[in-house]
Amino acid sequence: MSAVIVVHGGARAVPDELAKASVDGVKVAARDGFAVLKRGGSALDAVEAAVRTMEDNSVFNAGHGAVLNADGEVELDAIIMDGRTLSSGAVSSVENIANPVSLARAVMEKTDHVILTSRGANQFAESIGVSTVPTDSLVTEFERKEWEKCKTFVTGVKEEINTQWAHDTVGAVAVDCVGNVACATSTGGIRNKMAGRVGDAPIIGCGGFADNFSGAVSCTGHGESILKVTLARLILFHVEQGKSVAESSQLALQYMVDRVHGAGGCIVVSPSGQWTATFTTKRMAWAAVDRDGLWYGLEPNERFNEQLTV
Ligand code: GLY
């Protein structure tokens, strides 16, 4: 079967000045992830590679470019999941790790646990030799200025995702050439969030889920809303009922709007290679590579195609 990767750079009102950089960034990430699949790599390796690319790109709110919490600090969340075994690893509230998705993978592969948080996650990183970076090196000048402007607002978590200062997540889903699926999601969360706030991204079934029996999902959007409806699992529930990945995503995202007034987005791939990128926010930068080349978009119902030149 042919391999597929889909990535997103966060569902939100991407400002015009970041639109091109966001689309360019997801296209590079999709190519990087697909390069892994093309040389016979696993879906798990592909989603980790694609998310690392976006964590290293400061246009996105993950790794470099993360937003600041109410205390002016970085707190990063990430998850990775292997659809073969339902193995999953996640970290929350880590401060000085450039690629939290790889630390999440280490939690999955090197511990008996699923999630490690803050100090314990950092201790674990140190114990396995994951290098740390000065937290300030993850923060852009742009974010410092935005945070200064926004810190007078009462709280981040009540802000609708469509507001200008909300800022979201990156993620990837893939199916490899032997039909295994995987997902990964990474984020700095919501600007001005309370210190210690954990969003949907590191929570299994919310920010992501992967199961070879149904598919892989990475979610983005207002974390508290995604948590309430367990969005990733809800999407796969609809898939399990026989609906397409596109219809399942639309149904689940609309349920989140109707039930908790939350906006967001998702990418989904099935073990047979069906895929979708769907959102209820104003914009979401996404890109995919399948047997027909590179696909990408930013606005609702936008879908451009290019030949892949790898
Ligand atoms: N969806 C990312 C967050 O709310 O933390």
Side-chain angles (χ1 to χ4, degrees), residues 7-14 22 51 54-55 59-63 65-70 73-81 90-95 100-101 104 115 117-118 121 138 143 146-147 150 153 155-173 183-209 217-235 249 252-253 256-257 260-268 277-286:
V7 310
H8 70 76
R12 65 184 187 113
V14 179
S22 300
V51 167
M54 291 184 281
E55 288 175 336
V59 78
F60 300 117
N61 173 25
V67 297
L68 296 170
N69 69 14
E73 298 162 343
V74 169
E75 288 184 313
L76 306 171
D77 299 337
I79 191 170
I80 193 163
M81 187 162 179
V91 291
S92 74
S93 302
V94 293
E95 288 179 12
V101 70
I115 308 182
T117 192
S118 58
L138 301 176
E143 175 56 22
E146 289 297 299
W147 180 78
C150 297
F153 292 96
T155 174
V157 295
K158 285 191 184 148
E159 291 161 5
E160 285 296 313
I161 196 69
N162 294 5
T163 58
Q164 224 192 340
W165 56 85
H167 203 77
D168 218 58
T169 306
V170 303
V173 294
C183 73
T185 306
S186 181
T187 189
I190 295 178
R191 183 176 299 132
N192 223 14
K193 63 188 179 182
M194 287 174 70
R197 176 262 190 188
V198 178
D200 59 293
I203 306 300
I204 191 167
C206 297
F209 201 81
V217 182
S218 170
C219 295
T220 162
H222 186 243
E224 283 66 18
S225 302
I226 294 171
L227 284 161
K228 286 174 191 166
V229 303
T230 57
L231 185 61
R233 264 308 299 159
L234 183 60
I235 292 165
S249 302
L253 286 168
M256 191 165 88
V257 170
V260 296
H261 309 295
C266 62
I267 49 175
V268 188
T278 309
F279 52 99
T280 53
T281 48
K282 194 171 164 213
R283 287 173 162 171
M284 181 177 84
W286 63 270

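Numbering of ligands and ligand atoms starts at 1, following listing order.
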Contacting atoms of ligand 1, where contact means under 4.0 angstrom from a heavy atom of Thr169: 1 (N), 2 (C)

Contact check: Thr220 vs ligand 1, nitrogen or oxygen atoms, below 3.5 angstrom: no

Rounded distance (nearest 0.5 Å) linking atom NE2 of His222 with atom NZ of Lys228: 7.5 Å

What pairs with Ser218 under side-chain hydrogen bond (donor to acceptor under 3.5 Å, both in side chains), at least two apart in sequence or on another chain? His8, Thr185

Record the part of Asp168 in heavy-atom contact with ligand 1 below 4.0 Å; permitted values are side chain, backbone, both and neither. side chain

In terms of side-chain heavy atoms, does Thr187 have a donor or acceptor partner in Thr169 at a distance below 3.5 Å? yes

Side-chain donor or acceptor of Glu75 paired with backbone N/O of Gly196 under 3.5 Å: yes

Mark yes or no for whether Trp147, through its side chain, and Asn69, through its backbone, hold a donor-acceptor pair below 3.5 Å. yes

Restricting to heavy atoms, the pick from Gly221, Gly199, Gly264 nearest atom 1 (N) of ligand 1 would be Gly221

Of the choices Leu231, Thr187, Val170, Asp200, which has the non-hydrogen atom that lies closest to atom 3 (C) of ligand 1? Asp200

Using distance alone, decide if ligand 1 has a nitrogen or oxygen within less than 3.5 Å of any nitrogen or oxygen in Arg197. yes

Among residues at least two apart in sequence or on other chains, which ones pass side chain to side chain contact (heavy atoms under 4.5 Å, CB included) with Ile204? Ile79, Met81, Ser88, Phe209

What atoms of ligand 1 come closer than 4.0 angstrom to any heavy atom of Ile190? 4 (O)

Taking heavy atoms and a distance under 4.0 Å, where does Glu75 meet ligand 1: side chain, backbone, both or neither? neither

